[in-house]
2 protein chains.
Amino acid sequence: MLQSLLGYNVRRAQVTLARDFQQHVGQGKIRPVVFCILVLAEAQPGIAQVELARKLALDKASVVALIDRLEGAGLVERRRSTLDRRRQGLFVTPQGLLRLQTLKDEVSRHERQFLERYSPVEIALLVSLLQRIYE
Amino acid sequence: MLQSLLGYNVRRAQVTLARDFQQHVGQGKIRPVVFCILVLAEAQPGIAQVELARKLALDKASVVALIDRLEGAGLVERRRSTLDRRRQGLFVTPQGLLRLQTLKDEVSRHERQFLERYSPVEIALLVSLLQRIYE
DNA sequence: TATTGTTATACTCTATAACTATA
DNA sequence: TATAGTTATAGAGTATAACAATA
C-alpha cells in the first residue's frame, strides 16, 4: 500500500541516491546541493545568490551559509556587482574549476551506477515524469 | 546540465512532494515518515521497530524517537512480545486508527494533485522506474 | 517600498556510540 | 556472540525573523 504512494517511492529513491552520492563524491564532504551551486556558478558566472536559492528551492539565508563554506575553501568568490551594488555575484575560482572537474567525474560515475539500470528511452522518460512533479 | 542528472530531478521532486505533504496532511504536524510508520503498524500489528527501520531506511535509534512521540500522542502503543522478550511490538490504538483514517484521506488528496498530471500507465511506469533505484 | 544579502537563532531530522536485556 | 530496543549526544540541514545596503 505504501509502495503505491508516489511520495514514498520518490523519497526512497532520493535517500538511496543521496547516500550513494555521499559515498562516491568529494570524499563525503561535498553535498549534492553544493555541487549544484558550483555547476550553476560555472555555467552562469556572476549568478546572484537569490537566483541560486530559487533554482535550488532553498531560502536565500540557507544559500549564504553554503557559499560561506565554499568561499572559505577557496572554491568560489563573491564579487560585488558594479551595476547593482546590492548583488554579490558568484564566481568559481580557478582552483574551484579544477575541483569541479574532479567532482563532475565522480558524479558521472555515481550516476552511471543507476543509469545502467535503464535504457536511454527509460531514463528520458523518468526524468521527464519527475519534472512534471516540480515544474 | 543539472536537469539531466537523475539525482537533481529526484531531489527536486522529493522536496516538492514533502512541502505539499506538510501543507496538506495532519496540519503540518505529521511527517511522511511518521505516516508510513502508522500505515505499516496497521498493516502488520506488532511489527518490530527494527523492521520499521529497515523498511524505511532509517537507523533503529531514529525509529525509537519517532515512536516515542506517536506513543505520547496516544496513537500507538508498544507491547512486549511474550515469545521474544527483546521485542516491543508496535500496535496502533483505536484512537490511532481513527486518526490514521483521516490522514489517509488527506494523503490521498495530496497525492491526487500530482497523480492528476499523469495517465494511469505513466504513474505505474514512474513508480516502477523509481523502485529500480532503491530496490 | 522592494530587493539582495547577511546575521542570529532555533528547530527538525538523523546517525553514531554505548548501554540493557534478552536470545 | 548476536539481536531488539534504548539513551545521550552531536551534527547536519534548513527556515524564520530582523537587519543593512541599495535600488
Side-chain angles (χ1 to χ4, degrees), chain A residues 7 11-12 14-16 18-23 25-37 41 44 46-72 76-91, chain B residues 11-12 14-16 18-23 25-37 41 44 46-73 76-91:
Chain A
R11 183 169 189 285
R12 289 295 307 270
Q14 199 268 322
V15 168
T16 302
R19 285 183 184 161
D20 191 86
F21 187 101
Q22 207 201 345
Q23 283 189 325
V25 179
Q27 294 129 1
K29 289 175 208 152
I30 297 288
R31 284 193 296 137
V33 185
V34 170
F35 173 73
C36 288
I37 289 179
Q44 192 179 325
I47 188 171
Q49 297 178 44
V50 200
E51 192 164 356
L52 289 171
R54 194 181 53 70
K55 287 200 175 171
L56 300 172
L58 294 175
D59 189 88
K60 59 195 167 114
S62 308
V63 172
V64 170
L66 295 171
I67 294 180
D68 281 350
R69 272 197 285 172
L70 276 174
E71 197 170 31
V76 301
E77 63 178 28
R78 293 165 160 113
R79 283 190 229 145
R80 181 74 64 184
S81 160
T82 47
L83 296 170
D84 181 342
R85 294 186 42 72
R86 289 174 304 183
R87 284 179 171 250
Q88 291 262 63
L90 195 66
F91 297 86
Chain B
R11 185 171 187 284
R12 288 296 304 272
Q14 198 268 322
V15 168
T16 302
R19 286 185 184 159
D20 192 86
F21 187 101
Q22 207 201 345
Q23 283 187 326
V25 179
Q27 294 131 0
K29 289 175 208 152
I30 297 287
R31 285 192 297 135
V33 185
V34 171
F35 173 73
C36 289
I37 288 179
Q44 191 178 326
I47 187 171
Q49 298 178 44
V50 201
E51 192 163 358
L52 288 171
R54 194 181 52 71
K55 287 201 175 169
L56 299 172
L58 294 175
D59 188 90
K60 59 193 168 120
S62 309
V63 172
V64 170
L66 295 171
I67 293 179
D68 281 349
R69 272 198 285 172
L70 276 173
E71 196 169 33
V76 301
E77 65 178 26
R78 293 166 161 113
R79 283 190 230 144
R80 182 74 63 185
S81 160
T82 47
L83 296 170
D84 180 343
R85 295 188 40 75
R86 290 173 304 181
R87 286 183 172 247
Q88 290 263 62
L90 196 66
F91 297 86

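In what follows, every heavy atom counts, from backbone to side chain, and hydrogens, waters and symmetry copies are set aside. All chains are named by letter (A, B, ...) in the order of the sequence lines, taking the proteins before the strands, and each is independently numbered beginning at 1. No experiment lies behind these values; they were computed from the predicted model shown.
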Rounded off to whole Å, could you give me the [atom1]-to-[atom2] distance for the [X] and [N] pair?
| X | N | atom1 | atom2 | result |
| --- | --- | --- | --- | --- |
| A:R80 | D:dA21 | CZ | P | 10 Å |
| A:F21 | D:dA12 | CZ | P | 16 Å |
| A:L56 | D:dT14 | CG | P | 10 Å |
| A:L70 | C:dG5 | CG | P | 15 Å |
| B:L52 | D:dA4 | CG | P | 12 Å |
| B:L90 | D:dA4 | CG | P | 15 Å |
| A:K29 | D:dG11 | NZ | P | 16 Å |

The criterion is side chain to side chain contact (heavy atoms under 4.5 Å, CB included); which residues satisfy it with A:R79, sequence neighbours excluded?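 For A:R79 the side chain to side chain contact (heavy atoms under 4.5 Å, CB included) partners, ignoring immediate neighbours, are A:E77, A:F91.
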
Under 4.0 Å, heavy atom to any atom of DNA chain C: which of residues 58-69 of chain A qualify? A:K60, A:A61, A:V64

With sequence neighbours left out, write down each residue that passes side-chain hydrogen bond (donor to acceptor under 3.5 Å, both in side chains) with [X], or none if nothing qualifies.
| X | value |
| --- | --- |
| A:R19 | none |
| A:R12 | A:Y8 |
| B:R86 | B:D84 |

For residues 81-89 of chain A, which residues have at least one heavy atom under 4.0 Å from DNA chain D?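 Result for residues 81-89 of chain A: A:L83, A:D84, A:R85, A:R86, sorted by number.
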
Give every donor-acceptor pair under 3.5 Å between a side-chain atom in residues 56-68 of chain A and any protein atom, sequence neighbours left out.
from, atom 1, to, atom 2, distance (Å)
A:D59, OD2, A:A61, N, 2.8
A:D68, OD1, A:R78, NH1, 3.0
A:D68, OD1, A:R78, NH2, 3.0

Return the 5'-most residue of the pair A:E51, A:R19 with respect to DNA chain C, ranking by each residue's nearest nucleotide. A:E51

Test salt bridge (charged side-chain N to carboxylate O under 4.0 Å, His left out) applied to B:R54 - qualifying residues, sequence neighbours left out: B:E51

Determine: side-chain N/O of B:R78 to OP1/OP2 of D:dT6, distance under 4.0 Å, yes or no.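 True: B:R78 side-chain N/O within range (under 4.0 Å) of D:dT6 OP1/OP2.
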
Are any of A:Q49's side-chain N or O atoms less than 4.0 Å away from OP1 or OP2 of C:dT6? yes

Give one of base, sugar-phosphate or nothing for A:R79, where a contact means two heavy atoms less than 4.0 Å apart.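 The answer is nothing, as A:R79 stays clear of every strand by at least 4.0 Å.
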
By the 4.0 Å heavy-atom rule, please label A:R54 as base, sugar-phosphate, or nothing. nothing

Heavy-atom side-chain proximity of B:R87 to B:V50 below 4.5 angstrom: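 No - every pair of side-chain heavy atoms lies 4.5 Å or more apart.
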
Within a radius of less than 6.0 Å around CD of B:Q22, do more than 12 heavy atoms belonging to other residues, nucleotides or ligands occur?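 At most 12 heavy atoms, drawn from other residues, nucleotides or ligands, come within 6.0 Å of this atom.
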
Kindly write out the residues that satisfy ring pair (Phe, Tyr, Trp, His ring centres under 6.0 Å) with A:F21, not counting sequence neighbours, or none if the list is empty. A:H110

